[in-house]
> 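Before I ask anything, let me first share the structure, which is written out below as structure tokens.
Both ligands and their constituent atoms are indexed starting at 1 by order of listing.
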Amino acid sequence: MNIAGASAQLFPFDNSYARLPDRFYARHLPTVVAAPRLIRLNIALARELGLDPEKLATQEGVEMLAGNRIAENSVPLATAYAGHQFGSFVPKLGDGRAILLGEIIGRDGIRRDVQLKGSGPTPFSRRGDGRAGLGPVLREYIISEAMAALGIPTTRSLAAVATGETIMREMPLPGAVLTRIASSHIRVGTFQYFAAREDTEALRQLSEHVIARHYPEAGRAGNPVRAMLDAIIARQADLIVKWMLVGFIHGVMNTDNMSIAGETIDYGPCAFMDFYHPGTVYSSIDEMGRYAYGNQPHIAQWNLARLAEALLPLLGKTRDAAIIEAQAALDGFATRFEFAYAQGFARKLGFGNVGPDEITLVTDLLSLMDAEGADFTLTFHRLCDSTDGPQNDAVLRAGLSDAVGIDAWLETWRTRLAQDGMAATTRRAMMRAANPAFIPRNHLVEEALAAANDGDFSPFETLLEVLSRPFEDRPEYAAYAAPPRPDQIVQQTFCGT
Ligand code: AMP
Ligand code: MG
């Protein structure tokens, strides 16, 4: 099959990353696949990006989304990066199964990457086959789109295409390619790659690129690299708070999976926590619980310290001066995180302001939920109804194994709410916007993927529909809001690489 084609209008690419020096990436074409078939096109996203969904769904469009046909102005490449994987530094990782086709500028004027994931081996593949299975592709599609609907910064999924080929994992699986959209695919590990090579010139060029692309205001600061580091730290703190507020567990917070733009990236064995417990881990490869729910803030901080280290050659005139800048920037994480975390949870409880009383209420409720096996999402969602008065408490109490603790808590909560001046309707609206009804529950995701593997995509489609409006009560989808029955509980998730 010929992979050249004059299709500039489908993806009007403009490639700033490809203009960086050669050592930032390896130019590489996607591998042609046997029989591409469109499984899902994200029509709304395509429109937001200024792309034509009808053209994307044509045979020519699908061939592009499979990597079989390359747009005229695309410069396909695999980016170079390093990373700390579960704490151990790997100096060379890179895109082993992803190819950046190019960048497009959306209707909002923002530049975004268009990347194919699962499109064949690259010079960074090491022992991997460069492929992705249908299950992991649809999983990333579901969860990234659910995150976006929840208002959490994330890479997006533009399309999923079946390759018509079989890939080998523990068993043969159908192959697929995901088209991923990201503000960029630059990671903490991208900086680490050049720092490990003592390539200060590349670090400088990468910083300039990141500042121009993601943090233009840092470019006007006295110390632009310090200002960039501050801004990255702030965005990460805000992002992790958002994860914590919905019970999201990334699962593989390696430094190569942390986006410089502050988006959630690389959905592998990620999961939403059912029953609240800070030590919750789903990932089969996270035996030590390094990336447990409650450990995520600490790990984010650790990863950002690795970023600050990589930036040392640029942060100050001397090494000592640079260390002082790095330390001051890193100190900003805890302050920002703790404030946003307390405020976010207070909002979930219906408080516009956060003081010591609200923080105590949050901590007490979480301890109760932990002790009594309460479903994280549902408990908060049901609390919205309890604002109307104790007559609505029954459902909330039913979700906890022992009602005594929650009754005392509810009384204190109501007393405190009465002292807070917010109008009831305002409070309800605020709480409803903070406490989703629908999250991608693990058992529902697994069910949808199992059906898709058998050729039935309707559970996948329905799940996407439910998750597209997570804050609305939709009685027809009540079953999707319920916690898993004991026989439905998912204990482990797999990265599927
Ligand atoms: P991940 O854990 O998915 O973030 O991937 C870690 C590293 O392994 C990255 O450099 C990936 O590109 C690479 N990788 C993961 N799966 C594959 C695969 N099937 N083939 C080649 N490289 C892979
Ligand atoms: Mg990764």
> Looking just at side-chain N and O atoms, do Thr255 and Asn303 make a donor-acceptor pair shorter than 3.5 Å?
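There is no such pair (donor and acceptor under 3.5 Å, judged by atom type) between the side chains of Thr255 and Asn303.
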> Between Asp14 and Arg19, is there a salt bridge with N-O shorter than 4.0 Å?
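Looking at Arg19 and Asp14, the cut-off is met.
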> Atom 10 (O) of ligand 1: which of Gly96, Gly94, Ala78 has the nearest heavy atom?
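Looking at heavy atoms only, the winner is Gly94.
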> Please state which part of Val252 comes within less than 4.0 Å of ligand 1, counting heavy atoms only: side chain, backbone, both or neither.
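None of Val252 does.
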> Would you say Asn254 has an N, O or S atom lying under 2.8 Å from the Mg ion (ligand 2)?
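Looking at Asn254, which is the residue asked about, there is no N, O or S atom under 2.8 Å from the Mg ion (ligand 2).
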> Return yes if a side-chain donor-acceptor contact under 3.5 Å exists between Thr154 and Tyr267, otherwise no.
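Present: a donor and an acceptor within the cut-off.
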> Enumerate the atoms of ligand 1 whose separation from the nearest heavy atom of Gly130 is less than 4.0 angstrom.
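Numbered from 1, ligand 1 contributes 18 (C), 19 (N), 20 (N), 21 (C).
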> Report whether any nitrogen, oxygen or sulfur of Asp266 sits less than 2.8 Å from the Mg ion (ligand 2) (N, O or S, backbone or side chain).
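It does; at least one qualifying atom falls short of 2.8 Å.
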> Does Asn254 form a side chain to side chain donor-acceptor pair (under 3.5 Å) with Tyr291? I'd like the steps, not just the answer.
CA-CA 9 Å; Asn254 292 336; Tyr291 300 135; 2.6 Å; yes
> Below the 3.5 angstrom mark, is there an N/O of Leu93, backbone or side chain, next to an N/O of ligand 1?
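Between Leu93 and ligand 1 (N or O atoms, distance only) the closest approach is not under 3.5 Å.
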> Under 4.0 Å from a heavy atom of Gln85: which atoms of ligand 1 are those, numbered in the order shown and with their elements?
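That gives atoms 6 (C) of ligand 1.
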> Is the closest protein non-hydrogen atom to atom 5 (O) of ligand 1 under 4.0 Å?
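Protein heavy atoms within 4.0 Å of atom 5 (O) of ligand 1 - there are none.
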> Taking 4.0 angstrom as the limit, do Glu103 and Arg112 come out as a salt bridge?
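Salt bridge: no.
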> Hey, are Glu263 and Arg235 close enough for a salt bridge, meaning a charged N less than 4.0 Å from a carboxylate O?
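Salt bridge flag = no for Arg235 with Glu263.
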> Check ligand 1 against Arg169 and write out every atom of the ligand that is under 4.0 Å from a heavy-atom position of the residue.
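Heavy-atom distances to Arg169 below 4.0 Å select 19 (N).
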> Do NZ/NE/NH1/NH2 and the carboxylate oxygens of Arg226 and Asp230 come within less than 4.0 Å?
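Yes.
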> Of the protein's non-hydrogen atoms, which lies at the shortest distance from atom 2 (O) of ligand 1, and what is that distance?
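Minimum-distance protein heavy atom for atom 2 (O) of ligand 1 reads Asn257 ND2, 4.3 Å.
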> Closest approach of Phe471 and Pro436, non-hydrogen atoms and distance?
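Closest pair (atom of Phe471, atom of Pro436, distance): CD2-CA, 3.6 Å.
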> With heavy-atom distances below 4.0 Å as the criterion, list the atoms of ligand 1 near Asp266.
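In order of numbering, the contacting atoms are 4 (O).
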